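Encoded as C-alpha cells, here's the structure I'll be asking about.
Reminder, nothing fancy here: chain letters follow the sequence lines and each chain counts from 1. We use all heavy atoms of the structure for the numbers below, so side chains are in, but hydrogens, waters and symmetry mates are not. As the structure is a computational prediction, the values presented were derived from the model and not from experiment.
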There are 2 protein chains.
Amino acid sequence: MGATKTDHFTDRQNQLALLAKALGHPARIAIIDYLLKVDACICGDIVNELPLAQPTVSQHLKELKNAGLIQGNIEGNAICYCINENALNDLQQFFTSIATSLEKKKSGCC
Amino acid sequence: MGATKTDHFTDRQNQLALLAKALGHPARIAIIDYLLKVDACICGDIVNELPLAQPTVSQHLKELKNAGLIQGNIEGNAICYCINENALNDLQQFFTSIATSLEKKKSGCC
DNA sequence: AAACTTAATCGTAATATTGCAATATACAAA
DNA sequence: TTTGTATATTGCAATATTACGATTAAGTTT
C-alpha cells in the first residue's frame, strides 16, 4: 500500500490534489512567497533565502515545476524560476467556487 | 530525515502548507466536493461515495479535521461532517492575493 | 440483554517524502 | 585548459503517508 488510488477519482480531483500537494510543504510556500516578493524572477538565490541545503531546495523546485506551479528558464549558467499563473488560477478558481457555494448555503447544519 | 523543518518557516507558511497538504490527496478533494454537493451536511455515506474502505475514509476525514478544513458533529450514533468556512477562506485569500500580485507584475520575465 | 449500525482505532505492509553529503553536469571566467 | 560558479542527480537514512483487515467503542433497535 502507500500508493494513492488516483484512477478512482476524476481528472480534476487528481489535478487539484497534485497542485495542493505541491504546496503542502512550508519550504515550497516560502519559495512561492519569495518569487512573488522579488520583482524580477530572480534565480538561484532562492537557496540563500531558505534554511535548507542546496540539494533539498533543488528537489523542492523540481516538485513545484512538476506540478506546473513554476517554470525555469536557463540564463547562462544560472536558472531563472518564476510562477506559472495558470496553475495558480486553477487553484484560485477552485477556492472561489467553494466560497460562493458555501455562501449560497448559509451554513447547512454544523 | 523525512521530518519537515517547520520551525524554520513562518507560522503563516506552516499553516498554509498544512491546509494545502490536507487537500493534497484526491480522496480528500472528493470529500470536500461531496460535502459541497449534498445540501445538508450528510454523514457517513461519504464512505459509500468513495472507492475506499471505511478505515481509510475515516483516516482521511481525520486529517481534514486536524487541518481544520471540516468539522464533525455527533448525531446519534452517526457523525455529521461539514466544511469549515474559515479555513477555506484563508486559502482563498492566499490565492487571491497571489493572483492580484501577479496581475500587477504583468509577467516579470519568464 | 442480544443483535445491529456507525465510526474510530490498532497493527501492519507498501510506498512516498524529506533532507543532505557526495558527486555530476554545464556553463563562465581566468 | 584549469578554476570557479550554479544547479541537478544519486544514494541513503529517517520519517510520513496510504490503505486495509481486524477490532473496538458507542449508540440504536429489537
Q: Please work out if A/Leu52 contacts a base, only the sugar-phosphate, or nothing of the nucleic acid, heavy-atom cut-off 4.0 Å.
A: sugar-phosphate
Side chains of residues 87-94 of chain B: which donor-acceptor partners sit under 3.5 Å, not counting sequence neighbours?
none

Q: Starting at atom CD of A/Glu75, determine the distance to atom C1' of D/dA8, rounded to an integer number of angstrom.
A: 18 Å
Q: Return the residues of residues 54-68 of chain A meeting this criterion: a heavy atom under 4.0 Å from some atom of DNA chain C. Order them by number, or give none.
A: A/Pro55, A/Thr56, A/Gln59, A/His60, A/Glu63
Q | Heavy-atom closest contact (A/Ala67 atom, A/Leu19 atom, distance) | A | O-CD2, 3.3 Å
Q: Measure the distance from CD1 on B/Ile29 to P on D/dT18 and round it to the nearest whole Å.
A: 12 Å
Q) Do B/Ile32 and B/Ile70 have side chains that get closer than 4.5 Å, going by heavy atoms? A) yes
Sub-3.5 Å pairs of nitrogen or oxygen atoms, protein against nucleotides 1-6 of chain D:
from: D/dT5; atom 1: O2; to: A/Asn77; atom 2: ND2; distance (Å): 3.2

Q. Between residues 9-22 of chain B and DNA chain D, which residues have a heavy-atom gap below 4.0 Å?
A. B/Lys21
Q.
For A/Leu61 versus A/Tyr81, what's the shortest heavy-atom pair and its separation?
A. CD1-CE1, 3.6 Å
Q: Provide, to the nearest angstrom, the distance between the CD1 atom belonging to B/Ile46 and the C1' atom belonging to C/dA8.
A: 14 Å
Q.
I need the minimum non-hydrogen distance between B/Leu36 and A/Ser101, along with the two atoms involved.
A. CD2-OG, 3.7 Å
Q: Report the distance from atom NE2 of B/His25 to atom C1' of C/dT17, rounded to the nearest whole Å.
A: 14 Å
Q: Please list all pairs passing the salt bridge (Lys or Arg N to Asp or Glu O under 4.0 Å) test where one or both residues lie in residues 10-29 of chain B, with sequence neighbours left out.
A: A/Asp33-B/Arg12, B/Arg28-B/Glu63
Q | Protein-nucleotide distance (A/Ile74, atom CD1; D/dT7, atom C1'), rounded to Å | A | 10 Å
Q.
If you compare every side-chain N and O of B/Tyr81 against the phosphate oxygens of C/dT6 (OP1, OP2), does one of them come in below 4.0 Å?
A. no
(Q) Would B/Leu18 and B/Asn66 count as a side chain to side chain contact (heavy atoms under 4.5 Å, CB included) here? Give the steps. (A) CA-CA 9 Å; B/Leu18 197 119; B/Asn66 284 343; over 6 Å; no
Q) Nearest-Å distance, CD1 (A/Ile31) to P (C/dG19)? A) 11 Å
Q | Heavy-atom pair of closest approach, residues B/Gly68 and B/Asn84 | A | O-ND2, 2.9 Å
Q.
From CG of B/Asn73 over to P of D/dG27, roughly how many Å is that when rounded to an integer?
A. 15 Å
Q. In whole Å, what is the span from the CG atom of B/Leu23 to the P atom of D/dT17?
A. 15 Å
Q. In chain order, what residues pass the ring pair (Phe, Tyr, Trp, His ring centres under 6.0 Å) check against A/Phe95, with sequence neighbours excluded?
A. B/Phe95
Q. Do you know the tightest heavy-atom contact between A/Leu52 and A/His60?
A. CD1-CD2, 4.0 Å
Q: Taking the side chain as every heavy atom from C-beta outward, state whether B/Leu16 and A/Leu23 have any atom pair closer than 4.5 Å.
A: no
